[in-house]
Structures are given as C-alpha cells and as structure tokens.
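Remarks on the structure that follows.
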Amino acid sequence: MFYLLYLYFADIASGYPLLNLIQYQTVRVGLAMVTAMIVAVAMGSRFINWMRAKQGRGQPIRDDGPVTHLSKVGTPTMGGLMILAGIGAGVFLWADLTSPYIWIVSLVTAAFGVLGFIDDYAKVSKQTSAGLTSKQKLLAQVIVAVVAGVLTVLWMTVSPTSPGLETSIAFPFFKAVLLNVGWFYVAFAAFTIVGFSNAVNLTDGLDGLAIVPVMMAAAAFGVISYLVGNFLFSEYLQVHHVPGAGELAIFCAAIIGGGMGFLWYNAPPAKIFMGDTGSLALGGALGAMAVATKHELVLGIVGGLFVIEAASVMIQVAYFKMTGKRIFLMAPIHHHFEKMGWPESTVVIRFWIVAALLALVGLSTLKLR
C-alpha cells in the first residue's frame with residue numbers, strides 16, 4: 001500500500017520541478033527536521049499546562065539527590081511525548097515508508113516510548129521515584145530488541161549486502177575486519193539496543209543534559225546512515241554498504257528537530273522533563289540505527305557520554321557491594337560533580353562539550369580505516 005502511494009506521489013512530483021526535489025534524501029532530511037521541530041514547539045505551553053494539571057505534583061524528586069533539585073518539585077514529566085510526536089510527523093511525511101529500516105527503528109522507538117510512558121505514569125500516580133521494577137522494564141526491552149534484531153538480520157539476508165554482513169560485527173578503524181557470530185548476533189544487537197536505551201535513561205537527570213547529546217549522536221548517525229546507504233560514498237570510505245540505510249538519515253533529522261523543539265521548553269529552568277517516555281525511546285532508536293548501519297561499536301564512541309554515565313552506575317554498585325564504600329559521591333556521575341559543588345549549568349555544558357568531541361571522534365572512524 002505504502003509503495004503504491006509512494007509511486008503515485010512520486011509520479012505527480014515528477015511534473016513539478018520544486019516538488020521533484022522531495023525525491024532527494026538531503027531535501028527530505030531538512031524537511032523532516034523542520035517538521036519535527038514545529039510539531040514539538042506547537043505542542044508547547046498548552047501541552048505542558050495540561051500535563052501539570054493532570055500530574056499535580058509532577059515528577060517525584062529523589063530525596064537523596066542534590067539539594068538544589070528540590071526546587072524542581074512540581075515540574076511535569078512525560079515531555080518525551082513532544083519529541084515522539086515530532087519524530088512521528090517528520091518520519092511519516094518525509095521518509096520512504098517502504099523502507100524496512102524505517103519500520104524497524106520506528107518499532108523500537110514506539111515500543112520503548114510506550115514502556116517509558118507506563119513507567120512515568122506509575123511514578124506520577126504513586127508519587128514515588130520507583131515506577132516499574134527493573135526486571136519488568138528489562139524483560140520488555142529485551143523482547144522488543146530481540147524482535148528488532150531478528151527482523152534486521154532477516155531483511156539483510158534477502159537484500160543485496162555483502163555475504164554474511166547481516167550476522168557480522170564490524171570494527172571501527174579496520175576496514176576488512178568482520179566477525180561473523182551467526183545468530184548470536186541477535187543477542188549482540190539486543191544488548192546494543194537495550195544497553196543504549198538504559199544509558200540515555202540514566203543520563204537524563206539534569207535540565208538539557210540528555211537531549212543535546214542525543215541530538216549530537218543523531219546528527220552523527222544521520223551522516224553515517226547516509227554514507228553507508230550510498231554505494232559510491234561507502235566504496236570511497238571503505239565502509240560496509242547497507243542498501244536502503246540512507247533513509248535513516250530522515251529519522252535522525254526528525255530526532256534532532258523534535259529535540260530542538262523540546263529543548264525550547266526543557267532549557268534551564270525546565271518547564272517539563274523528558275521522562276522515561278523520551279529517554280528510553282531515544283536511546284533505543286539510536287541503538288536500533290547502529291544495528292541497522294552495522295556501526296554498533298561506533299555508537300559506543302559517538303554516544304560515549306552515555307556509556308560513561310552507565311558505567312559510573314555499574315562501577316558504583318559493584319564497588320559498594322564488594323567493599324561497602326563508594327567511589328563517587330553519587331551516581332550517575334553527573335550527580336558526583338554536583339555534589340562537588342559544580343553548578344548544574346556548568347555540569348550540563350561541560351558534558352555537552354565532551355559529547356560533541358566524542359561524536360566527532362566517532363565520525364572520524366569513517367575515514368581512519
């Protein structure tokens with residue numbers, strides 16, 4: 001059905017030079033970004049006021065957190081719905097809906113968004129910082145991620161990719177190194193998606209801290225998607241060609257646009273929080289795109305800030321269980337710096353700088369092979 005609609009509108013556009021521009025991915029990237037931003041901004045104040053009225057006291061604030069966070073009591077959450085609405089509009093209007101990669105990434109994003117919404121709703125309704133149990137969330141995430149991994153492998157098996165690429169892990173900086181792990185790759189893909197989703201979720205603790213690095217990572221993977229999806233560019237850069245992956249650049253642009261629209265209201269002092277609705281969905285989307293483009297390990301570099309945040313929690317928990325002592329004043333690590341006396345804005349901006357540098361390092365792997 002979508003393919004027939006695509007052909008129908010493409011035929012109409014061919015008769016009009018300006019409309020014909022829509023056939024180019026680069027044009028649709030810009031249109032998706034603008035569309036997503038407009039939708040998120042347009043939801044704006046009315047959506048926030050409605051959420052404030054529905055949620056009452058807003059997102060619960062941790063009692064053991066930095067004292068400065070107590071001033072945020074009453075701020076509504078679930079702002080991720082603004083971002084997801086923008087992404088949905090941008091992708092639906094400007095992406096090629098015949099692309100399996102668009103549907104796979106959309107599946108992960110939507111499913112994780114629903115899971116995050118349920119978690120946020122539980123927190124708000126019970127007025128506790130604990131929503132769903134970690135086991136409940138992890139089980140749901142793993143099921144969705146495994147389905148996405150299987151679908152990606154099956155599609156790559158029938159598409160004109162390099163033999164064995166669908167179940168192989170590519171290594172940055174090494175153009176000819178592929179580790180074919182067979183169907184174990186599905187477990188690796190699921191780990192990438194679930195791990196990155198939770199890493200973004202852990203990072204989302206300060207105003208604007210998570211959304212800007214997410215936009216930076218999306219920009220990097222927008223470039224990666226476009227290049228690996230283009231045979232000439234992938235051949236020149238000596239990266240593995242994934243036919244059809246270029247459409248994910250439109251998805252990345254929609255993330256950036258939706259993120260900008262959300263940041264308009266999330267900039268300090270935040271009028272609304274992203275919540276698990278946004279953080280789980282956006283992290284899952286980036287993980288799914290890394291799997292689709294065969295740049296899973298590069299995601300660990302591009303999104304290195306999220307990896308550091310997640311690692312700080314794991315190190316803190318493991319060290320405390322072994323010794324009864326703490327390495328950091330508080331985990332995730334952004335709270336450690338707050339406890340040291342850094343103002344919230346200082347932590348956020350310095351972490352943005354780190355995220356930008358890591359995104360550039362990740363992009364450099366395209367050429368350094």
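Because the structure is a prediction, the values reported are computed rather than measured.
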Exercise. Do you know the tightest heavy-atom contact between P172 and L297?
Worked result: CD-CB, 3.8 Å
For this session: Report yes or no: do I315 and V313 belong to one cluster of Ile/Leu/Val/Met/Phe/Trp/Tyr joined by side chain heavy-atom distances under 4.5 Å?
Result: no
Problem set entry | Verdict with supporting geometry, Y101 and V242, side chain to side chain contact (heavy atoms under 4.5 Å, CB included) | CA-CA 10 Å; Y101 295 120; V242 183; 3.4 Å; yes
For this session: Check whether any side-chain heavy atom of V348 lies under 4.5 Å from a side-chain heavy atom of V212, and answer yes or no.
Result: no
Seminar exercise, completed: Taken to the nearest 0.5 Å, the spacing of I83 CD1 from M37 CE works out to 14.0 Å
For this session: Any chance you could lay out the side chain to side chain contact (heavy atoms under 4.5 Å, CB included) test for M82 and V39, step after step, and finish with the verdict?
Result: CA-CA 8 Å; M82 299 167 64; V39 169; over 6 Å; no
Exercise. Counting only heavy atoms not in Y121, do more than 12 sit closer than 6.0 Å to its OH atom?
Worked result: no
Exercise. Going by side-chain heavy atoms closer than 4.5 Å, which hydrophobic residues are tied to I104, directly or by a chain of links?
Worked result: L107, V147, L151
Problem set entry | Check: P213 main-chain N/O paired with W352 side-chain donor or acceptor under 3.5 Å | no
Exercise. Looking at OG1 of T346 and CZ of F351, how far apart are the two atoms once the value is rounded to the nearest 0.5 Å?
Worked result: 11.5 Å
Exercise. Is there side-chain contact between K294 and E166, with heavy atoms separated by less than 4.5 Å?
Worked result: no
Exercise. Can L178 and I169 be said to form a side chain to side chain contact (heavy atoms under 4.5 Å, CB included), step by step?
Worked result: CA-CA 6 Å; L178 272 178; I169 301 172; over 6 Å; no
For this session: Not counting sequence neighbours, which residues clear ring-ring contact (aromatic ring centres under 6.0 Å, His included) with F196? List them please.
Result: F306
Exercise. Has the side chain of K339 got a donor or acceptor atom that lies under 3.5 Å from a matching backbone atom of M330?
Worked result: no
Which donor-acceptor pairs under 3.5 Å do the side chains of residues 244-263 make with protein atoms, sequence neighbours left out?
residue: E247; atom: OE1; partner: R28; partner atom: NH1; Å: 3.0
residue: E247; atom: OE1; partner: D96; partner atom: N; Å: 2.8
residue: E247; atom: OE2; partner: Q25; partner atom: NE2; Å: 3.2
residue: E247; atom: OE2; partner: R28; partner atom: NH1; Å: 3.3
residue: E247; atom: OE2; partner: R28; partner atom: NH2; Å: 2.8

Problem set entry | Check: L329 main-chain N/O paired with H336 side-chain donor or acceptor under 3.5 Å | yes
Distance-only donor-acceptor hits, side chain of residues 264-272, under 3.5 Å, sequence neighbours excluded:
residue: Y265; atom: OH; partner: V41; partner atom: O; Å: 2.9
residue: N266; atom: OD1; partner: G208; partner atom: N; Å: 2.9
residue: N266; atom: ND2; partner: I272; partner atom: O; Å: 2.9

For this session: Would you give the length of the straight line joining atom OG of S45 to atom CH2 of W50, rounded to the nearest 0.5 angstrom?
Result: 15.5 Å
Problem set entry | Straight-line distance of L286 CG to F221 CZ, nearest 0.5 Å | 7.5 Å
Seminar exercise, completed: Distance col, row Q238:CD vs E235:CD, nearest 0.5 angstrom, shows 8.0 Å
Exercise. Which heavy atom in A210 sits nearest to a heavy atom in V200, and how many Å separate them?
Worked result: CB-O, 4.4 Å
For this session: Could I get the full list of side-chain hydrogen bond (donor to acceptor under 3.5 Å, both in side chains) partners for T277, not counting sequence neighbours?
Result: D120
For this session: Find out if a path of hydrophobic residues (ILVMFWY) with successive side-chain heavy-atom gaps under 4.5 Å connects V298 to F191.
Result: no
Problem set entry | Test side-chain hydrogen bond (donor to acceptor under 3.5 Å, both in side chains) applied to T167 - qualifying residues, sequence neighbours left out | N180
Seminar exercise, completed: Residues A170 and E296: closest non-hydrogen pair is N-OE1, 4.5 Å
Seminar exercise, completed: Those residues at least two apart in sequence (or on a different chain) that pass side-chain hydrogen bond (donor to acceptor under 3.5 Å, both in side chains) with Q141 are S197, N198
Problem set entry | Any side-chain donor near an acceptor of the partner, R52 and N49, under 3.5 Å | yes
Exercise. Same cluster for V144 and L138 if Ile/Leu/Val/Met/Phe/Trp/Tyr side chains link at under 4.5 Å?
Worked result: yes
Seminar exercise, completed: Tightest non-hydrogen contact, residues E309 and P332, listed as OE1-CB, 3.1 Å
Problem set entry | Exam field: side chain E344 to backbone D207, donor-acceptor pair closer than 3.5 Å | yes
Exercise. Can you tell if the side chain of V186 reaches within under 4.5 Å of the side chain of V153, non-hydrogen atoms only?
Worked result: yes
Problem set entry | Any donor-acceptor pair under 3.5 Å from H335 side chain to I333 backbone | no
Exercise. How does the hydrophobic cluster around V34 look, that is, which other residues are in it when side-chain heavy atoms under 4.5 Å mark a link?
Worked result: I38
For this session: With rounding to the nearest 0.5 Å, note down the distance linking NE2 in H295 to OG1 in T192.
Result: 13.0 Å
Exercise. Within a strict 4.5 Å, meaning less than it, do heavy atoms of the M51 and L81 side chains meet?
Worked result: yes
Problem set entry | Side-chain touch V302/L358, heavy atoms, less than 4.5 angstrom | no
Seminar exercise, completed: What one should report as the nearest heavy-atom pair of G275 and D204 is N-OD2, 3.6 Å
Seminar exercise, completed: Residues at least two apart in sequence or cross-chain that pass side-chain hydrogen bond (donor to acceptor under 3.5 Å, both in side chains) with S225, listed by chain then number, are none
Exercise. When you measure from the centre of the six-membered ring of F47, is the NZ or CZ of K54 under 6.0 Å away and within 45° of the axis?
Worked result: no
Problem set entry | Verify same cluster id: V114, L139 (apolar side-chain graph, 4.5 Å) | no
Exercise. Going through the distances and angles, do T365 and I301 end up as a side chain to side chain contact (heavy atoms under 4.5 Å, CB included)?
Worked result: CA-CA 9 Å; T365 64; I301 302 173; 4.2 Å; yes
Seminar exercise, completed: Sorted by chain and residue number, the ring-ring contact (aromatic ring centres under 6.0 Å, His included) partners of F231 (sequence neighbours excluded) come out as H241
For this session: Report yes or no: do V142 and V150 belong to one cluster of Ile/Leu/Val/Met/Phe/Trp/Tyr joined by side chain heavy-atom distances under 4.5 Å?
Result: yes
Problem set entry | Minimum-distance pair of heavy atoms, taken over all atoms of A189 and G149 | CB-CA, 4.3 Å
Extract all donor-acceptor atom pairs below 3.5 Å that involve side chains of residues 318-325 and protein atoms in other chains or at least two apart in sequence.
residue: T323; atom: OG1; partner: Y319; partner atom: O; Å: 2.8
residue: T323; atom: OG1; partner: K325; partner atom: N; Å: 3.1

For this session: Determine the interplanar angle of the Y226 and F233 rings, folded into 0 to 90°, and report it as parallel if under 30°, tilted if 30 to 60°, perpendicular if over 60°.
Result: tilted
Problem set entry | Selection residues 134-144 - residue pairs positive for salt bridge (charged side-chain N to carboxylate O under 4.0 Å, His left out), sequence neighbours left out | D119-K137, K137-D276
Exercise. Under 3.5 Å, is there a donor-acceptor pair between the side chain of T203 and the main chain of A199?
Worked result: yes
Exercise. Parallel, tilted or perpendicular: which fits the ring planes of F188 and Y185, with parallel below 30° and perpendicular above 60°?
Worked result: tilted
